[in-house]
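Worksheet: one structure, shown below.
Lettering follows sequence order; numbering is per chain, from 1.
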Amino acid sequence: MISAERLSSIACWSHDLDERAFERARNGIVERSYAKDSYICHRGDHLNAWTGVSSGLIKLGTTSISGKSVTLAGLRTGCWFGEGTVLKDEARQYDLMALRETKLAMMGRPTFMWLFENSVTFNSFLVQQLNERLGQFIALVEYDRMLDAPARLARNIGWLFNPVLYPDTTSCIEITQEELGLLSGLSRQATNKNLKVLEDMGLLSVMHGKLTVVDRKQLMNFGK
DNA sequence: TCATTAAGCGTTG
DNA sequence: CAACGCTTAATGA
């Protein structure tokens with residue numbers, strides 16, 4: 001269980017719930033901390049919790065049979081994920097790893113299902129979120145087939161600041177260039193080179209171990 | 001042939 | 001000490 005203030009600050013979807021649903025949510029959530037580079041779960045685990053990133057950064061990925069690891073998505077502070085797995089009551093399809101010190105809010109399946117069955121506003125949020133994600137992953141395929149390296153990097157960074165998925169106001173993210181590369185399907189060198197291109201264009205600014213987005217709109221439209 | 005990458009290592013913040 | 005930058009040998013278009 002977490003405090004009402006805490007829920008409110010880490011879960012923007014909680015703002016529209018009625019009092020009964022809000023209390024239910026609050027009672028069904030626990031918070032946990034994860035050290036940098038530690039795994040939250042592996043593929044095949046039954047982590048039956050809808051999960052919010054209270055602080056930190058997570059990597060969603062998997063490892064191929066040959067042992068090569070693939071990064072599929074980065075999940076920033078403010079993001080809630082795992083609804084697909086919890087709804088279907090399935091094992092996890094992908095690995096989750098904390099890329100730095102991270103706090104997660106876990107909502108157990110019973111609470112999630114209760115909200116799903118009883119709260120219209122909660123459902124609205126879920127639909128909006130699923131819709132946004134679908135858009136994100138379709139776009140990813142498009143980028144892969146249509147865009148060059150700088151544009152892929154630009155748009156992947158842009159997605160990390162999607163206002164629906166990450167309803168915070170910061171424009172800064174702590175992430176290494178290597179991780180940014182894994183996220184965009186680029187090598188470390190190519191990432192570094194193209195970050196400088198984007199920086200020269202005034203779309204973002206690069207610092208040691210972090211970057212600040214200056215113009216998200218232009219990043220998202222890069223290459224058009 | 002030329003460009004790009006992974007890997008290793010030196011440098012820096 | 002981890003992130004960055006540079007060099008180099010391998011890879012592949």
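- With rounding to whole Å, A:Arg100 atom CZ is found 16 Å from C:dA2 atom P.
- Atom-to-atom, CG of A:Asn192 to C1' of B:dA6 comes out at 15 Å; the value is rounded to the nearest Å.
- Taking for each of A:Gln189 and A:Leu99 the nucleotide of DNA chain C with the nearest heavy atom, the 5'-most of the two is the partner of A:Leu99.
- Whole-Å rounding puts the A:Glu101 CD to C:dA2 C1' distance at 15 Å.
- With respect to the salt-bridge test (charged N to carboxylate O, under 4.0 angstrom), the residues A:Glu23 and A:Arg26 qualify.
- Atom CE of A:Met207 has more than 12 heavy atoms from other residues, nucleotides or ligands within 6.0 Å.
- Toward the 5' end of DNA chain B, the nearer of the two residues A:Arg188 and A:Lys193, judged by each one's closest nucleotide, is A:Lys193.
- Sorted by residue number, the list of members of residues 171-185 of chain A with any non-hydrogen atom under 4.0 Å from DNA chain B is empty.
- In this structure, the ring of A:Phe122 has its center less than 6.0 angstrom from the ring center of A:Phe112.
- Across all strands, A:Lys36 comes closer than 4.0 Å only to sugar-phosphate atoms, never to a base (heavy-atom distances).
- Heavy atoms of A:Lys196 sit under 4.0 angstrom from primed sugar atoms or phosphate atoms, though from no base atom.
- Under 3.5 Å, the side chains of A:Lys196 and A:Asn192 contain a donor-acceptor pair of N or O atoms.
- A:Arg76 forms a cation-pi arrangement with A:Tyr166, by the criterion of a distance under 6.0 Å to the ring centre and an angle within 45° of the ring axis.
- Between the CE atom of A:Met207 and the C1' atom of B:dT12 there is a distance of 16 Å, given to the nearest Å.
- Counting to the nearest Å, the P atom of C:dA3 and the CG atom of A:Leu195 are 15 Å from each other.
- Counting to the nearest Å, the P atom of B:dT4 and the CZ atom of A:Arg152 are 13 Å from each other.
- Cluster annotation: A:Leu72 is not connected to A:Leu180 through the hydrophobic network of ILVMFWY side chains, with a link wherever side-chain heavy atoms come within less than 4.5 Å.
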